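Comments concern the structure below.
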2 protein chains.
Amino acid sequence: MAVLAQAAEVAARQGLGALTIGDLAARTHLSKSGLFAHFQSKEVLQLDVLAYARDRFVDEVIRPATRAPRGEARVRALFEHWAVVGRQGHAECLFVSAAAEFDDQPGPVRDQLVRDHRDFIDSIAQMFRTGIAEGEFRPDADPEQFAFELHGIMLGYFHAHRLLQDPRAGERTRRAFETVLADYRIAPPPAEPDSAESPAPAVAAARS
Amino acid sequence: MAVLAQAAEVAARQGLGALTIGDLAARTHLSKSGLFAHFQSKEVLQLDVLAYARDRFVDEVIRPATRAPRGEARVRALFEHWAVVGRQGHAECLFVSAAAEFDDQPGPVRDQLVRDHRDFIDSIAQMFRTGIAEGEFRPDADPEQFAFELHGIMLGYFHAHRLLQDPRAGERTRRAFETVLADYRIAPPPAEPDSAESPAPAVAAARS
DNA sequence: GCCCGGTACGAACGATCGTGCTGTAATGGA
DNA sequence: TCCATTACAGCACGATCGTTCGTACCGGGC
């Protein structure tokens, strides 16, 4: 539905709570009551927008990633698609702002938000798990810990990119991602013995 | 002003945009016009709330941290105080939700938000810099990169703690923090030579 | 004494909020 | 061709939004 696309765009910009029926009706060239007839209430509208954004996110981030080869390549694909979606200010910002908005007001919207997010975190952890099974990640690593850290990096990215408009946000994000990945990867390039003052070139390159 | 404390609490819960003058007047047992007289407009109210929250944050997080010894101890103190404030749902959530809310709507509130946040990031970077000067952190490290990564971790913490109510959020956050710190610390405990299959115990301990 | 700036009030404003009810033009299967 | 369904518009409702106005009370300086 084209209405939901418009609604999602507005909600991503102003927040789910600031999404107003009258404003949305004007944007879609519909009457307020005509638009309202499609949803029984504003809450249903918010839930529909959330579902729409989730479908978009699955289509543009998760599914493309699962088409990449299992293991680190898949995790990298997830990262890349995720960053692209966030950069364009699409669905992702909706989830970030909605999460901050509804983190303290109970109700169906919050519940759905929690479910969606838990599912996504589980997807990340699962992709990481296949990386362990493929022998690319350390077998003693905690997949949910990796999901937590990756998610934090992306939150920082959206923050720096959208609010601060830091032109180096992308570069910083990628560097943090590579560092985390390097920490979890199996068989890191062995450092030269006792090179505390002059760190291993591979590590230094990953950090500069 | 007690009114601002109430306003900050509401804004932290519902967001700065959902902070309404009538609602705030009822909470403070004032008439709407009587309360409105103190601020010339809602925008000024939002800015005042922001300034109030910033002062609280400086008092409860930044200043206590600067009283800790220079170097890693100070960075750790910052982390601890930051986590405590975020856990109690005080000022920090206001900044997180406000950032997500105003990241796409220009105006004085957004500008102030950006200034405050840049200042805070700079504070983190500066604390890290003293750690370099003290010889505790790698001299080739990028302080702003560290600030970015720490900030991302905390964003992930607030998200997991407040929205998902993950009981393991604190533990995950601390682990991520220790990992990042270990990456930036100088003179990591030297790994046994050629221990690719069995990683160094110190690293494994930091991750489990 | 008087005046004055601050602080608070009640009432009201136009606008917009979410939400109903009613009417109607279009549509598609029987 | 008829009829049920759908998709919309029009209008109106009570509530609440931010804001303004006029008006008190109350303190201290002239």
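Everything numeric in this text was worked out from a predicted model, so none of it was measured. Residue numbers start from 1 in every chain, and the chains themselves are labelled A, B, ... in the order their sequence lines are given, proteins ahead of strands.
When the P atom of C:dC17 is taken as reference, atom CG of A:L24 falls 11 Å away, rounded to whole Å. Taking atom NE2 of residue A:H29 and atom C1' of nucleotide D:dA9, one finds them 16 Å apart after rounding to whole Å. One atom, CG of B:L30, and another, P of C:dA8, lie 6 Å apart when rounded to the nearest Å.
A 4.5 Å side-chain heavy-atom check between B:E80 and B:R174 finds at least one atom pair inside the cut-off. Residues A:F95 and A:F120 form no side-chain contact, since every pair of their non-hydrogen atoms from C-beta on lies 4.5 Å or further apart.
Nucleic acid contact class of B:L35 (heavy atoms, under 4.0 Å, all strands): none.
A side-chain hydrogen bond (donor to acceptor under 3.5 Å, both in side chains) with B:Y184 is found for exactly one of B:Q145, B:E136, B:E149, B:E72, namely B:E149.
Phosphate proximity of D:dC8 to A:H38: present, with a side-chain N or O under 4.0 Å from OP1 or OP2. Here B:S31 does not reach the OP1 or OP2 of C:dA8: none of its side-chain N or O atoms lies under 4.0 Å away.
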Taking Watson-Crick (N1-N3 plus N6-O4 or O6-N4) and G-U wobble (N1-O2, O6-N3), each under 3.5 Å, can you produce the dot-bracket string of DNA chain C? Use [ ] for crossing pairs and | for inter-strand ones.
|.|.||||||||||||||||||||||||||
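Judged by distance alone, the side chains of B:D122 and B:Q126 never bring a donor and an acceptor atom under 3.5 Å apart.
Here the straight-line distance linking atom NE2 of B:H38 with atom CG of B:L30 works out to 6.5 Å at 0.5 Å rounding.
Salt bridge present: A:R175 and B:D142 bring a charged side-chain N and a carboxylate O closer than 4.0 Å.
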Filtered N/O pairs between nucleotides 19-25 of chain D and protein, under 3.5 Å:
| unit_1 | atom_1 | unit_2 | atom_2 | d |
| --- | --- | --- | --- | --- |
| D:dT19 | OP2 | B:K42 | N | 2.8 |

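Between A:H117 and A:H151, the ring planes lie perpendicular to each other; the angle is over 60°, past the 30° to 60° tilted range.
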Salt bridge (charged side-chain N to carboxylate O under 4.0 Å, His left out) for A:D23 and A:R27? Distances and angles first, verdict last.
CA-CA 6 Å; A:D23 177 69; A:R27 283 174 203 270; 2.8 Å; yes
